[in-house]
There are 2 protein chains.
Amino acid sequence: MTPMIQACVMHFGEMGSRWGINRTVGQMYALLVLSPEPLTADQIAESLGFSRSNVSMGLKELQSWELVKLQHVPGDRKEYYSAPAEIWDIAKTLMEQRRKREIDPTLSALRNLLMTKPSGPEEKYAQQRMQEMHDLIEMLTKWTMEIQRLDAARLQKLLKLGNNLGKVLDIKDKLLGKS
Amino acid sequence: MTPMIQACVMHFGEMGSRWGINRTVGQMYALLVLSPEPLTADQIAESLGFSRSNVSMGLKELQSWELVKLQHVPGDRKEYYSAPAEIWDIAKTLMEQRRKREIDPTLSALRNLLMTKPSGPEEKYAQQRMQEMHDLIEMLTKWTMEIQRLDAARLQKLLKLGNNLGKVLDIKDKLLGKS
DNA sequence: CTGTAGTTTCAGTAACTTCTGAAAATACAG
DNA sequence: CTGTATTTTCAGAAGTTACTGAAACTACAG
């Protein structure tokens with residue numbers, strides 16, 4: 001592993017551990033993303049200096065997030081792993097999985113709590129707050145779902161638009177002004 | 001603490017721990033958000049059954065995230081803590097702090113790595129991927145910064161717009177079509 | 001069916017994080 | 001300044017998560 005790749009792998013390991021993601025899983029995934037060729041579990045273990053079993057567990061985790069593809073090379077018994085070719089596809093999968101695991105349960109918990117009748121002014125106030133949280137989370141979620149619908153090509157256009165992003169939102173503002 | 005509030009507090013404790021946030025800190029903050037009145041550290045410790053020192057550390061953490069306000073009641077030596085009155089303000093602070101702590105360092109790490117000359121085809125490929133990551137993260141960050149600029153009243157309008165969100169994005173699409 | 005290359009599982013240990021109680025520090029009333 | 005109410009710090013205990021090596025399992029070539 002070259003120093004440049006190493007540096008990137010280490011950074012994403014660190015960052016991963018600030019999220020819920022295990023540091024070593026973060027490193028493994030960065031390695032896969034930066035590698036032009038699929039890698040075997042042994043190659044990953046070797047490159048990163050982890051035990052073979054740790055890599056096996058990490059890959060299982062990544063598979064449960066649907067972030068890696070498993071492929072077999074004909075005439076070779078080993079299993080090869082790779083990340084999607086499009087970074088945008090990776091980001092979409094991450095958003096979707098996080099939504100499933102964190103946002104959806106929270107929204108449904110909030111909805112449940114909002115169904116029950118408040119026992120007094122204390123709960124009434126709490127319910128108001130819960131309602132605000134629910135509505136906000138729901139709205140932000142809808143936004144990200146809309147963004148997720150864009151394919152890589154569309155996104156490319158948005159990227160090039162760059163700083164003119166403000167203009168898009170100004171137009172949106174005008175629309176809102178009317179309503 | 002009523003059962004409804006308890007349930008919500010517990011849920012956010014769980015959810016917090018899936019993010020990088022300490023479970024007990026998550027619970028403390030949920031309690032503060034749901035409470036109409038500011039609370040003292042002792043009240044929090046009492047309600048949640050944590051040690052006083054644990055609460056002290058948790059509040060320090062929350063202060064470092066700028067998520068709580070500290071206030072003094074005249075004629076009372078105790079310190080009272082409260083969450084912002086607007087949920088949207090809380091969300092904006094969260095977004096901003098996460099950006100500072102996670103996104104900005106990643107962007108600058110990627111920029112650094114993109115400055116260095118690739119040592120071979122392996123690094124050349126890796127740099128392509130890093131460039132894609134960088135551009136994508138930068139774009140998504142810009143979007144969230146634009147959204148953050150909205151004040152609570154503006155957001156209220158967006159909330160009411162609800163499912164018509166699609167229309168806003170359709171208009172954006174037309175704009176993109178021209179470019 | 002047997003042997004071998006490869007993968008997964010899992011119990012135990014290492015490493016890390018959280019939480020506590022005791023002590024120190026702070027702040028202020030009298 | 002003294003005493004008391006309050007908050008903070010911190011060393012270590014308790015709890016949790018990550019990692020490993022050994023063993024079990026799987027798949028397949030011969």
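Note that the structure is predicted; figures quoted are calculated from it, not measured. Side-chain atoms are counted along with the backbone in the values below, which use heavy atoms only and exclude waters and symmetry mates. Convention: sequence-line order gives letters A, B, ...; per-chain numbering from 1.
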Margin query: Using modelled atom types and a 3.5 Å cut-off, is there a donor and acceptor pairing between side-chain atoms of B:Q127 and backbone atoms of B:T116?
Written below: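 Indeed, once roles are kept as given, a pair shorter than 3.5 Å links the two residues.
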
Next item on the list: Spell out, as yes or no, whether a donor-acceptor pair under 3.5 Å connects the side chain of B:W88 to the backbone of B:L150.
Entry: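 Present.
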
Could you tell me the separation between the [atom1] atom of [X] and the [atom2] atom of [N], rounded to a whole number of Å?
X: B:L70; N: C:dT26; atom1: CG; atom2: C1'; result: 14 Å
X: B:H72; N: C:dT26; atom1: NE2; atom2: P; result: 15 Å
X: B:I21; N: C:dT17; atom1: CD1; atom2: P; result: 16 Å
X: B:K78; N: C:dA27; atom1: NZ; atom2: P; result: 17 Å
X: B:D42; N: C:dT20; atom1: CG; atom2: P; result: 14 Å
X: B:Y81; N: D:dT6; atom1: OH; atom2: P; result: 13 Å
X: B:L48; N: C:dC19; atom1: CG; atom2: C1'; result: 14 Å
X: B:E79; N: D:dA5; atom1: CD; atom2: C1'; result: 12 Å

Next item on the list: Look at B:S56 and D:dT8 and indicate whether a side-chain polar atom (N or O) is within less than 4.0 Å of OP1 or OP2.
Entry: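 For B:S56, the contact criterion (side-chain N or O under 4.0 Å from OP1 or OP2 of D:dT8) is met.
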
Item checked: Contact under 4.0 Å: A:K60 side-chain N or O vs C:dT9 OP1/OP2 ->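 True: A:K60 side-chain N/O within range (under 4.0 Å) of C:dT9 OP1/OP2.
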
Note to self: For a 4.5 angstrom cut-off between non-hydrogen side-chain atoms, does A:Y80 reach A:E37?
What the structure shows: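 No, their side chains stay 4.5 Å or more apart.
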
Notebook entry, point to check: Does any non-hydrogen side-chain atom of B:E102 lie less than 4.5 Å from one of A:W19?
Noted result: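 A side-chain contact under 4.5 Å exists here.
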
Check: Under 3.5 Å, is there a donor-acceptor pair between the A:N22 and A:T24 side chains?
Finding: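 Looking only at side-chain atoms, A:T24 and A:N22 do form a donor-acceptor pair, the distance falling under 3.5 Å.
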
Next item on the list: May I have the step-by-step check of side chain to side chain donor-acceptor pair (under 3.5 Å) for A:T2 and B:E123, ending in yes or no?
Entry: CA-CA 8 Å; A:T2 76; B:E123 290 198 345; 2.5 Å; yes

Item checked: Sequence-aligned protein contact record of nucleotides 19-30 of chain D, with B where the base is within under 4.0 Å of a protein heavy atom and S where only the sugar-phosphate is -> SBB-----BBS-

